[in-house]
Amino acid sequence: MSVVLNFRSHLSELFAQALREVSPESADTSILIERPKQTAHGDYACNLAMQLAKPLRKSPRDIANALIAALPKTDFIEKVEIAGAGFINVFIAPAAKQAVVNSVLTAGAGYGHGHVGQGRKVGVEFVSANPTGPLHVGHGRGAAVGDCLCNVLHAAGWNVTREFYYNDAGVQIDNLTLSVQLRCKGVTPDDPSWPDSGYRGDYIADVANAYMAKETVEADDQHITGKGDVEDKEAIRHFAVAYLRREQDLDLRAFQVEFDVFSLESALYTEGKVEATVQKLIASGHTYEQDDALWLRTTDFGDDKDRVMRKSDGGYTYFVPDVAYHLEKWKRGFVRVINEQGSDHHSTITRVRAGLQALDEGIPKGWPDYVLHQMVTVLKNGEEVKISKRAGSYVTLRDLIDEVGCDATRYFLAARSPDSQLVFDIDLAKSQSNDNPVYYIQYAHARISTVLAQWGGDKQALHTVDLSVLESDYEKVLLQKMIDFPTVIETAANDLAPHQIAVYLKDFAADFHSYYNASRFLVEDEQVKLARLALIAAIAQVLRNGLSLLGVSAPEQM
RNA sequence: GUGCCCGUAGCUCAACCGGAUAGAGCACCAGCCUUCUAAGCUGGGGGUUAGGGGUUCGAUUCCCUUCGGGCACGCCA
């Protein structure tokens, strides 16, 4: 039997052929192959007959019969049935499914990877926190979702660049500088003179102390030493930004998130990119002066009102460097750019896209893409937690990692649709029990590792075993689940929905645990034993591959 | 008031860009460890998918509307 595993696309082709024969005039009808929810409905189902009923003015069942008769013969299909209103249900031959075990063992860490990305360049920007304090839970969600999305896109064949954009220019940095300076002078947030816009967290005092003690910080590309001069605002600014960038780097490292590129807003100014963008926009004819300010007519591109580019005090608003930054990305050759941000930034989308359209550089209208995640609430002992010791007004990512660990934090933050608000229950994430889905999945992997270790045989030998005895309902389900994995990755990449990986894994782990409880692996019968061991070895591989997409470890024992 | 996201079991969430009887976990009830990890498994109760219209063979999904929650509406980022 020939090895076919992409049953979905194969069936799609077969049905297309049948369609051309049955109804050539409908040949352009899109053919949807889906997985039925119930096993009684077969392994795959096609609703083509129902779609054609109206245009052909025939009953769906008659069309279904004709389609089945015209379906090219192939050995991976066991039988085809008509059911319900006119569904065509396809049952795959057991041997064809069993072949997935070998594919998984052979492909190893590469199993599940696909080519829809065709090696094209995609830039994913995420986290992009202002360097004004430690990362908070929201940044954590961005980091988890963004990193997982990158992994998924990579697995789907995209050439991914991970990018972090520092807003290290602008008013918030002035506020930071002032706050640190005041701390250097011994003024605290309790003092009546502390400005409303000042940063109040304890970490500001840490920055001030380090500056006064003339400490040196290393932030990725630079070494900055505190000058200790209370009056030198420029020196304080440099030091504070470097100090907090280092702090964020450490948070990210603890979260096991790495970036390929760090872009600085300040560099866009010093390199003249901002000014050049402004000149281009003026030349484009979409700007005008009013009230001593320069405006961009974003209403030409779908915005509900025009936006100020240059304030009356001469400074630019944040979206100008944003447009300059995205123009740079375009020039760097990203056919696709995805920005993962908190939903509180959603108003920038229209503005940035409008600015890019106004430049008339041939940038597509919907470019760049955005994935916006909703707010995170942290729960502990059934109550909402709003503050941390160090940051004062918010819960830091570091607090979560320290309390519940990197794996659980990543899982919980990435496992839900970004569109939904998220409740992070610290007690649940910490619990080492069946309450906790992370351990549930990892536990499945650990159980398999133990069995394989106890067997102690040569794993290479599992590549060539006879799999025909894998016929139980448990085994059929697990085989099909593994066959589904590449499609899950592809769909998650297309939908920009990395949480689908987490959902899949939990489901898959549940199927395994049921199987584990119902079966024994180290049995007398050598053929049965080897077949089952090959199966669970493949399951462990898929679990590893899936967990690695989430950035979660797959322990050998727990 | 305007725009975006959301509303699914008591709680936290799924549902493959319209499919068949809406699924998991927690919690609750009843069971399963002298045999490969019980961080597990098996069974049970629990739903008018916020309400109301519409589109069609078929709607949690698409459209309209009402209600409720979040976010954003600045010459802030």
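Convention: sequence-line order gives letters A, B, ...; per-chain numbering from 1. Keep in mind that the numbers below use all heavy atoms, side chains included, and drop hydrogens, waters and symmetry copies.
- One donor-acceptor pair, N or O on each side, does fall under 3.5 Å between the base of B:C75 and the side chain of A:S312.
- In this structure, a donor-acceptor pair under 3.5 Å is absent between the side chains of A:R245 and A:Q248.
- Aromatic ring orientation, A:Y166 versus A:F262: parallel (interplanar angle below 30°, classes split at 30° and 60°).
- As judged by a 4.0 angstrom heavy-atom cut-off over every strand, A:Q172 is placed among residues touching the sugar-phosphate backbone only.
- Across the strands present, B:C41 finds its partner in B:G31; the criterion is a Watson-Crick or G-U wobble pair with both atom distances under 3.5 angstrom.
- A:K97 has a carboxylate O that lies under 4.0 Å from a charged side-chain N of A:D43, or vice versa, which qualifies the two as a salt bridge.
- Counting non-hydrogen atoms under 4.0 angstrom, A:A446 reaches a base of the nucleic acid.
- Under the Watson-Crick and G-U wobble criteria, each requiring two contacts below 3.5 Å, nucleotide B:G1 is paired to B:C73.
- Nearest-nucleotide assignment on RNA chain B puts the 5′-proximal partner with A:T491, out of A:H345 and A:T491.
- Base pairing of B:U55 is not made with any nucleotide, judged by Watson-Crick or G-U wobble geometry with both donor-acceptor distances under 3.5 Å.
- With its ring centre under 5.5 Å from that of the base six-membered ring and a plane angle below 30°, A:F87 counts as stacked on B:A20.
- For A:D344, the listed nucleotide lying nearest its side chain is B:C71; candidates were B:U56, B:C75, B:C71.
- Side-chain contact annotation: A:R353 with A:H326, donor-acceptor N/O pair under 3.5 Å absent.
- Of the candidates A:D300, A:D306, A:T299, A:H286 forms a side-chain hydrogen bond (donor to acceptor under 3.5 Å, both in side chains) with just one, namely A:D300.
- For A:L522, the listed nucleotide lying nearest its side chain is B:C36; candidates were B:G69, B:C71, B:C36.
- Nucleic acid contact for A:Q38: base, since at least one base atom lies under 4.0 Å from a heavy atom of the residue.
- At a threshold of 4.0 angstrom between heavy atoms, the contacts of A:H513 are confined to the sugar-phosphate backbone, with no base atom among them.
- A:E524 has its CD atom 15 Å from the P atom of B:C36, to the nearest Å.
- Between A:L422 and A:R141 there is a side-chain heavy-atom pair separated by less than 4.5 Å.
- Considering only side-chain N and O atoms, A:K305 lies under 4.0 angstrom from the phosphate OP1 or OP2 of B:G74.
- For A:Q500, whose side chain is taken as the heavy atoms from C-beta onward, the closest listed nucleotide among B:A15, B:C71, B:A77 is B:A15.
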Please list, pair by pair, any protein nitrogen or oxygen found under 3.5 Å from a nitrogen or oxygen in nucleotides 42-44 of chain B.
unit_1	atom_1	unit_2	atom_2	d
B:U42	OP1	A:S514	OG	2.7

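- Ion pairing between a basic and an acidic side chain is recognised when a charged N comes within 4.0 Å of a carboxylate O; A:E34 and A:R8 show no such pairing.
- Within the nucleic acid shown, A:E34 comes within 4.0 Å of at least one base atom, counting heavy atoms only.
- What separates NE2 of A:H445 from P of B:A39 is a distance of 18 Å, to the nearest Å.
- A salt bridge links A:E125 with A:K329: the closest approach of a Lys/Arg side-chain nitrogen to an acidic carboxylate oxygen falls below 4.0 angstrom.
- At whole-Å resolution of the value, CG in A:L422 and P in B:C13 are 6 Å apart.
- Of the side-chain N and O atoms in A:R8, none sit less than 4.0 angstrom from OP1 or OP2 of B:C16.
- Taking 4.0 angstrom as the limit, A:K311 places a side-chain polar atom (N or O) nearer than this to OP1 or OP2 of B:C76.
- Rounded to whole Å, the C1' atom of B:U37 lies 16 Å from the corresponding atom of B:C32.
- Within 4.0 Å (heavy atoms only), A:A45 reaches at least one base atom of the nucleic acid.
- Look at the P atom in both B:G52 and B:G44: the space between them is 30 Å, to the nearest Å.
- Between the CD atom of A:Q421 and the P atom of B:U8 there is a distance of 11 Å, rounded to whole Å.
- Within the nucleic acid shown, A:R520 comes within 4.0 Å of at least one base atom, counting heavy atoms only.
- Within the 4.0 Å cut-off from OP1 or OP2 of B:A15, at least one side-chain nitrogen or oxygen of A:H499 is found.
- A:N130 has its CG atom 15 Å from the P atom of B:C76, to the nearest Å.
- Within 4.0 Å of A:S417, counting heavy atoms only, lie sugar-phosphate atoms of the nucleic acid but no base atom.
- In this structure, A:I33 and A:F521 both approach RNA chain B, and ranking their closest nucleotides by distance from the 5' end singles out A:I33.
- The side-chain ring of A:H41 is stacked on the base of B:A20, judged by centre separation under 5.5 angstrom and plane angle under 30 degrees.
- Looking at A:D525 and A:K529, no side-chain N of the basic residue comes within less than 4.0 Å of a carboxylate O on the acidic one, giving no salt bridge.
- Checking B:C71, B:U12, B:U37 against the side-chain heavy atoms of A:S343 singles out B:C71 as nearest.
- With a cut-off of 3.5 Å on both Watson-Crick or G-U wobble distances, the partner of B:G25 is given as B:C11.
- Comment: A:R310 engages A:E289 in a salt bridge, judged by a side-chain N to carboxylate O separation of less than 4.0 angstrom.
- Regarding contacts with the backbone of B:A77, every side-chain N or O of A:Y318 stays at 4.0 angstrom or more from both OP1 and OP2.
- The aromatic rings of A:F512 and A:Y515 stand perpendicular to each other, their planes meeting at an angle above 60°, with 30° marking the opposite boundary.
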Are A:Y439 and A:Y443 close enough, and set up right, to give a ring pair (Phe, Tyr, Trp, His ring centres under 6.0 Å), and what steps lead you there?
-> CA-CA 6 Å; A:Y439 296 126; A:Y443 188 48; 9.7 Å; no
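- Rounded to whole Å, the distance from CG on A:D425 to C1' on B:A27 is 13 Å.
- Rounded to an integer number of Å, the gap from A:R57 CZ to B:C57 P is 13 Å.
- Contact annotation for A:I349: no contact, since no heavy-atom pair falls under 4.0 Å across all strands.
- Listed nucleotides B:A20, B:C57, B:C41 differ in distance to A:P36; the shortest reach to its side chain belongs to B:A20.
- Within 4.0 Å (heavy atoms only), A:D427 reaches no atom of the nucleic acid at all.
- Of the listed nucleotides (B:G40, B:U56, B:A72), B:G40 has the atom at the smallest distance from the side chain of A:N517.
- With hydrogens and angles left out, the side chain of A:N47 and the base of B:A20 share no donor-acceptor pair within 3.5 Å.
- Heavy atoms of A:T317 sit under 4.0 angstrom from primed sugar atoms or phosphate atoms, though from no base atom.
- The gap from the C1' atom of B:C36 to that of B:C41 amounts to 15 Å, rounded to the nearest Å.
- Distances shorter than 4.0 Å separate none of the side-chain N or O atoms of A:K37 from OP1 or OP2 on B:U21.
- In the set B:C5, B:A77, B:A14, the nucleotide with an atom closest to the side chain of A:D419 is B:C5.
- Taking only side-chain atoms of A:Y516, from C-beta outward, the nucleotide of B:A20, B:C41, B:C36 with the closest atom is B:C36.
- Glycosidic conformation of B:C33: syn, with the torsion inside 90° of 0.
- In this structure, A:N167 reaches the sugar-phosphate backbone alone: every heavy-atom distance under 4.0 Å involves primed, P, OP1 or OP2 atoms, never a base.
- A:F319 has its CZ atom 15 Å from the P atom of B:C73, to the nearest Å.
- Contact annotation for A:D291: base contact, defined as any heavy-atom pair under 4.0 Å involving a base atom.
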